[in-house]
Protein chains: 2
Amino acid sequence: MIHRSTVHEVLIAVFQVRAFSDPDSPELAVLLWQRALDPEAGTWSLPGGTLRDDENLATSARRQLAEKVDVRSVAHLEQLSIFSEPDRVPGDRRIASTFLGLVPISTEPTLPGDTTWHPVSALPPMSFDHGTVVAHARHRLVAKLSYTNIGFALAPVEFSISSLREIYGAALGYQVDATNLQRVLSRRGVIEPTGRRAPSGKAGGRPPALFRFADNSIRVTDEFAALRPPQA
Amino acid sequence: MIHRSTVHEVLIAVFQVRAFSDPDSPELAVLLWQRALDPEAGTWSLPGGTLRDDENLATSARRQLAEKVDVRSVAHLEQLSIFSEPDRVPGDRRIASTFLGLVPISTEPTLPGDTTWHPVSALPPMSFDHGTVVAHARHRLVAKLSYTNIGFALAPVEFSISSLREIYGAALGYQVDATNLQRVLSRRGVIEPTGRRAPSGKAGGRPPALFRFADNSIRVTDEFAALRPPQA
DNA sequence: TCAAAAGTGTTATGAGTACACCCATGA
DNA sequence: TCATGGGTGTACTCATAACACTTTTGA
């Protein structure tokens, strides 16, 4: 058989909730850069690159991201699965370890010219299997919003419940009730009141209380959906 | 820096529920082989080996397993995380992709002389970071027993509820109520009655009805613990 | 005083747990 | 007829969803 060399690469799906057309209904967006050169020139790719000898995967992911976005703005990063089909890209074999990264709303990191945010509901033509990676990452995010405090990595430091509702709605892909969101997250100790209030909006209305996330790293908050250990 | 070559390896934590001391309370066991040579001669390792150029990770995992156990007995195989620390093993760098494998109870595949089942509650001295892999795999199994039908890969084709209760108890690490186990799995459509009955045991007693799993591949049965989409 | 937005209260539902009680069988 | 399990019925708890109602503000 033809001798092929194998390299290990890292690919990161970085998500942020952003306003596109309507500022009142923001959408989940993913960071992509457009390939200038073949193969697949013109298609859009996830940030990433080759693993170095002296770094582990998480370190590499942060280093690769630094080329596209201010890494300090990435509030959460976690491993997804590996894409290992021998022919997933042309040329040398590339085994891809994929990651999910999250950037809080309304941070605006400066981006290179080839790089922009795209709503996940309308992705441009994607390079290789990168569209599949985005789908996996979105699925993981939706699942973890239900049973962890991962929302901390999408929300600002302080927020009203209704703005948090917009963030969850955008990330999940369906509307959630603000009342119940507050109750669920409060009971689990995921969010807590700051005691401060925001000014009321342009059209008047009662000024909202401000909340914050209790932790700024991921924590499982509802481990057993069923088959819990006995209480006694 | 010193030139190092990097290889990609696969490691599989294969679990089975087995009777050790007491046949009435089986335990979760993991398949290990003992290293005859250095490094770390005498310690116990997970089955696995180097990824080939022409295979993906899942294919490689099945091929590696074939050297230790009859692969047809492995009812479920899924990817866990990657261990990528540059110095996780001495010598050339080895990036390890880890897997969880499950073998149904009371199948007895023939094993090589260096290979045996060990209860996960009392692991022998483990090679490198293989103990951590076993812990991750166990954690994944426990989680998936709650929200998927993954029990199909641990149970025999037909079973009574009380024997299924023993299997779940061993895998989870805590006792479950047979009544509620039946109700939860039946409501979710995970198990179904076969219409047949088993003979009653040595000490008499009512003969149990036999059940089977409705599917023999993994399926998520309880996706949303909270924040479900609205019904309308 | 009215509209708008936030926040509270209330009810309904459904999943899961715990446990008492009844059933079927062999000795 | 009794011991030994298996199986059923039922009450309780609790998290969540749905939605009406009240409160607080600006115009």
Side-chain angles (χ1 to χ4, degrees), chain A residues 23-25 145-148 158-166 168-169 172 174-211 220-232, chain B residues 23-25 145-148 158-166 168-169 172 174-211 220-232:
Chain A
D24 286 341
S25 66
L145 281 169
S146 269
Y147 68 91
T148 74
E158 293 196 338
F159 48 84
S160 66
I161 294 298
S162 52
S163 58
L164 187 65
R165 190 189 66 81
E166 288 185 351
Y168 270 70
L172 290 168
Y174 54 83
Q175 287 309 104
V176 297
D177 181 291
T179 301
N180 296 333
L181 183 66
Q182 174 177 1
R183 260 198 280 260
V184 168
L185 298 184
S186 295
R187 169 167 25 221
R188 293 179 178 177
V190 171
I191 61 172
E192 58 192 20
T194 63
R196 292 150 45 81
R197 313 182 79 79
S200 54
K202 48 193 173 298
R206 177 169 171 173
L210 290 174
F211 289 77
V220 173
T221 58
D222 188 31
E223 188 150 18
F224 296 100
L227 304 173
R228 301 184 186 87
Q231 308 299 7
Chain B
D24 285 341
S25 65
L145 281 169
S146 271
Y147 67 90
T148 74
E158 294 196 337
F159 48 84
S160 66
I161 293 298
S162 51
S163 58
L164 187 64
R165 189 188 67 81
E166 287 185 351
Y168 270 70
L172 290 169
Y174 54 83
Q175 287 308 105
V176 297
D177 182 292
T179 301
N180 297 332
L181 183 67
Q182 173 176 0
R183 260 199 280 259
V184 168
L185 298 182
S186 295
R187 167 163 35 213
R188 294 180 177 175
V190 171
I191 61 172
E192 57 193 21
T194 63
R196 292 152 42 82
R197 314 183 76 79
S200 53
K202 49 197 172 298
R206 178 169 168 174
L210 290 174
F211 289 76
V220 173
T221 58
D222 187 30
E223 189 152 13
F224 296 99
L227 305 172
R228 303 184 186 87
Q231 308 300 3

* Asked: When we call it a touch if two heavy atoms are under 4.0 Å apart, what does B/Ala178 touch: a base, just sugar-phosphate, or nothing?
  -> nothing

Send over the distance from [X] [atom1] to [N] [atom2], rounded to a whole Å.
X        : N      : atom1 : atom2 : result
B/Phe159 : D/dG6  : CZ    : P     : 14 Å
A/Leu172 : D/dT16 : CG    : C1'   : 15 Å
B/Leu164 : D/dG7  : CG    : P     : 12 Å
B/Leu181 : C/dC19 : CG    : P     : 17 Å
A/Ile191 : C/dG7  : CD1   : P     : 10 Å
B/Gln175 : C/dT17 : CD    : P     : 14 Å
A/Ile161 : D/dT24 : CD1   : P     : 18 Å
B/Arg206 : C/dA24 : CZ    : P     : 6 Å

Any N/O pairs under 3.5 Å between the protein and nucleotides 9-13 of chain D? List them or say none.
from	atom 1	to	atom 2	distance (Å)
D/dG9	O6	B/Arg183	NH2	3.0
D/dT10	O4	B/Arg183	NH2	2.9

* Nearest-neighbour nucleotide for the A/Gln182 side chain, D/dT23, D/dG7, C/dT8 considered -> C/dT8

* Name the closest nucleotide to the A/Pro207 side chain, picking from D/dG7, C/dT17, D/dT25. => D/dT25

* Structure fact -> For B/Ser25, the side chain to side chain contact (heavy atoms under 4.5 Å, CB included) test, sequence neighbours excluded, returns B/Asp22

* Hey, does B/Arg165 have a side-chain heavy atom less than 4.5 Å from the side chain of B/Gln175? ->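 They are in side-chain contact.
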
* **Close side-chain approach of A/Leu185 to A/Leu181, heavy-atom, < 4.5 Å** =>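 Side chain of A/Leu185 against side chain of A/Leu181, heavy atoms only: contact under 4.5 Å found.
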
* Asked: Is any side-chain nitrogen or oxygen of A/Arg187 closer than 4.0 Å to OP1 or OP2 of D/dT16?
  -> yes

* Name all residues meeting the side-chain hydrogen bond (donor to acceptor under 3.5 Å, both in side chains) criterion together with B/Arg196; count only those two or more places apart in sequence or in a different chain, and write none if there are none. =>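 side-chain hydrogen bond (donor to acceptor under 3.5 Å, both in side chains) check on B/Arg196 returns B/Glu158.
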
* Only counting residues at least two apart or in another chain, list the ones meeting side-chain hydrogen bond (donor to acceptor under 3.5 Å, both in side chains) with A/Ser163. => A/Ser160

* Specify the residue among A/Asp177 and A/Arg197 whose closest nucleotide of DNA chain D lies further upstream toward the 5′ end. =>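 Between the two, 5'-proximity favours A/Asp177.
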
* Asked: Among all residues two or more places apart in sequence or in another chain, which pass the ring pair (Phe, Tyr, Trp, His ring centres under 6.0 Å) test with A/Phe211?
  ->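 Listed in chain order: nothing, the list is empty.
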
* Asked: Can you tell me how far CZ of B/Arg187 sits from CG of B/Asn180, rounded to the nearest 0.5 angstrom?
  -> 9.5 Å

